[in-house]
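What you see is a predicted model; the values in this text were computed from it and never measured.
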Amino acid sequence: MKRHLAGLAGGTALALALTGCGKGSASDSGGSDGKTIRFVAAKYDDDTQAYWTALIKDFEKANPGYRVNLEVVDWEQMDSKVKTYVQTKQEPDILNYNKFSDFARDGLVHKAQDVVSPKVLADFLPLFRQKAQYKGAQYGLPFISSARLFFYNKDIFAKAGIAEPPSTWAEVEADAKKIKQTGYIGLGLPLGPEEAQAEFQIWAMNNGGGWTDASGKWTIDQQANVDTLSYLRKLTKEKVTQPNPEATNRKDVFNQFAQGKIGMLNGAVFMRKGFIDPVDAKLNYGVAALPSKDGSTHKTLGVQDYLVAFKKSDGSNKAAVKKFLDFFYQKENAAKFVSTEGFLSVTESAGQVLSSDSQNAAYYKPFVDALSSAEFAPTDDPAWAAVDGAVKQRIGTGVAGGDPAKVLGEIQKTAQKGD
């Protein structure tokens, strides 16, 4: 997601620069008076802070005596922050994150039914409710969703003599070479630590690969994945991508695409709102299915982020957490966040609000259609947290000189240790 919907470098400082609302301090975790909670939200773009600040102000006005201390964390820092929170037992009351099942496994978070009303539970769309379960019980609260499709610059394609977007990997390679000859970057390939796991999954699943087999067994080092990483390494060696894909984050290539420097890339639904329109609202681009190796099937990656509510030993935070979450999931509040950030709705009521916006319907329709059959990362497996981190840190080395089979074999070992 604008992160990476995507963990990363170290950093263990607990000087929690609280940026928001209420009068409490970082130590106000809800246990002191039962009415003060701490909320750590992921930063999707420059509008995130303003949205939550305004929502919390409205919440506190509507609920005298309740306070929400807000901390907004950039996605590139989120993994290390969350790891520190858990290790030092400084978990927030509510966390906006892209993983949940390892917290559920370790008994750290409330079940969804304990922190939102039955009305909110029933409002979640079935696809996302299912992806928020661990061992048959829902712990994650679906927050936002995104789908990935292929973006291409029509003007660059015309200059390179390319009539239509590529359907096969062979066409991707050929088109990237033509684009390079015109002086542009052929293919944006972000395999840096922001969200490398999503970029690799897009390519792997369109070669018949993926993280697990049908039974849920980890198969990261399967031959289809090795072939996928070898293909991406070939593109890197041919210099049809941007320099150093292993160190390039998604937001970097998204910005370059918006600036008209890249011919094509795997993009996300929030590309228009978050990257293209702020730079060049008149950019002449198109959206197509993600290319596959043989061109016969085209799979779409779906991404879902969550809210999770951490337990307190005395249970004193549950009422305040529930009150705030129910307030956020009111249809107008939830719809405003999705609209502000350019994502797809995970609730029926917010979706109905957004569907009335005919101005944006044409842009969002292919993403909504693709999402219904999208593949997701195995976030319901507690080992995914470790795998996700390993992929972010290691997968790029497979195009930068490391042996693809060895790189994937190392990640496979991480998955097996986490089982």
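Aromatic rings of Phe157 and Tyr152 (six-membered ring for Trp) have centroids within the 6.0 Å cut-off, being under it. Aromatic ring centroids of Phe103 and Phe310 lie under 6.0 Å apart.
With hydrogens and angles disregarded, no donor-acceptor distance shorter than 3.5 Å links the side chain of Asp221 to the backbone of Leu408. Listed for the Arg105 side chain is no donor-acceptor partner under 3.5 Å among the backbone atoms of Ala383. Checked by atom type and distance alone, the side chain of Ser101 pairs as donor or acceptor with a backbone atom of Thr379 at under 3.5 Å. Proximity of a side-chain donor or acceptor of Ser339 to a complementary backbone N or O of Ala335 within less than 3.5 Å is not detected. Remark: the backbone N or O of Lys154 is not paired with any side-chain donor or acceptor of Asn284 at under 3.5 angstrom. Under the 3.5 Å distance criterion, the side-chain polar atoms of Thr219 are left unmatched by any main-chain donor or acceptor of Gln222. No donor-acceptor pair closer than 3.5 Å links the side chain of Lys81 to the backbone N or O of Val73. In this structure, the side chain of Glu171 engages the main chain of Thr168 through a donor-acceptor pair within 3.5 Å. In this structure a side-chain-to-backbone donor-acceptor pair under 3.5 Å is present from Asn63 to Phe59. Put simply, the side chain of Ser345 gets close to the backbone of Gly351: a donor and an acceptor are under 3.5 Å apart.
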Between Glu173 and Trp169, is a side chain to side chain donor-acceptor pair (under 3.5 Å) present by the stated rule, with each step listed? CA-CA 6 Å; Glu173 183 178 3; Trp169 285 9; over 6 Å; no

For the pair Gln330 and Asp326, evaluate side chain to side chain donor-acceptor pair (under 3.5 Å) and give the outcome as yes or no after the intermediate values. CA-CA 7 Å; Gln330 292 176 19; Asp326 281 347; over 6 Å; no

Please step through side chain to side chain donor-acceptor pair (under 3.5 Å) for the pair Tyr97 and Asp79, ending with a clear verdict. CA-CA 9 Å; Tyr97 200 36; Asp79 282 358; 2.7 Å; yes

Stepwise, does the side chain to side chain donor-acceptor pair (under 3.5 Å) test hold for Gln113 with Lys111? CA-CA 5 Å; Gln113 66 187 32; Lys111 291 183 178 179; over 6 Å; no

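Aromatic ring pairs are classed by plane angle as parallel below 30°, tilted from 30° to 60° and perpendicular above 60°; the pair Phe270 and Phe254 is tilted. In this structure, Phe143 and Tyr44 have tilted ring planes: the angle between them lies in the 30° to 60° band. Note on ring orientation: taking the six-membered ring where Trp is involved, the planes of Phe257 and Phe151 are perpendicular (angle over 60°, cut-offs 30° and 60°).
Using modelled atom types and a 3.5 Å distance limit, the side chains of Trp218 and Gln412 yield no donor-acceptor pair. Gln304 and Ser145 form no side-chain donor-acceptor contact under 3.5 Å, judged by distance and modelled atom types alone. With no hydrogens or angles considered, a side-chain donor-acceptor pair links Thr228 and Asn207 at under 3.5 Å. Checking Asn255 against Gln259 by side-chain atom types alone, no donor-acceptor pair falls below 3.5 Å.
Between Lys392 and Glu195, none of the side-chain N atoms (NZ, or NE/NH1/NH2) sits under 4.0 Å from a carboxylate O, so this pair counts as no salt bridge. Between Lys159 and Asp155 no salt bridge is recorded (no basic side-chain N to carboxylate O distance below 4.0 Å). Under a 4.0 Å N-O distance rule, the pair Glu238/Lys180 does not qualify as a salt bridge. A salt bridge does not link Lys336 with Glu332: every distance from a Lys NZ or Arg NE/NH1/NH2 to an Asp or Glu carboxylate oxygen is 4.0 Å or more.
For the pair Arg38 and Tyr85, the cation-pi criterion (under 6.0 Å, within 45° of the ring axis) is fulfilled. For the pair Arg272 and Tyr363, the distance from NZ or CZ to the six-membered ring centre is under 6.0 Å and the angle to the ring normal is within 45 degrees.
A distance of 9.0 Å separates CG in Leu371 from CG in Leu125, rounded to the nearest 0.5 Å. Atom-to-atom distance recorded for Leu265:CG and Leu189:CG is 10.0 Å, nearest 0.5 angstrom.
For CD of Glu164, the number of neighbouring non-hydrogen atoms (other residues, nucleotides, ligands) closer than 6.0 Å is 12 at most. For Lys261, the NZ atom sits in a loose shell: 12 or fewer heavy atoms of surrounding residues, nucleotides or ligands are nearer than 6.0 Å. Counting heavy atoms of neighbouring residues, nucleotides and ligands inside a 6.0 Å radius, atom NZ of Lys178 exceeds 12 of them. More than 12 heavy-atom neighbours from other residues, nucleotides or ligands sit within 6.0 angstrom of NZ on Lys131. When the shell of 6.0 Å around CG of Asp46 is examined, it contains 12 or fewer heavy atoms from other residues, nucleotides or ligands.
Screening Lys99, Lys83, Arg394 against Asp388 for a salt bridge (charged side-chain N to carboxylate O under 4.0 Å, His left out) leaves a single residue, Lys99.
When all heavy atoms of Ala41 and Asn96 are compared, the pair lying nearest together is CA-CB, 3.8 Å. Across Phe367 and Ala147, no two heavy atoms sit closer than the pair CD2-O, 3.5 Å.
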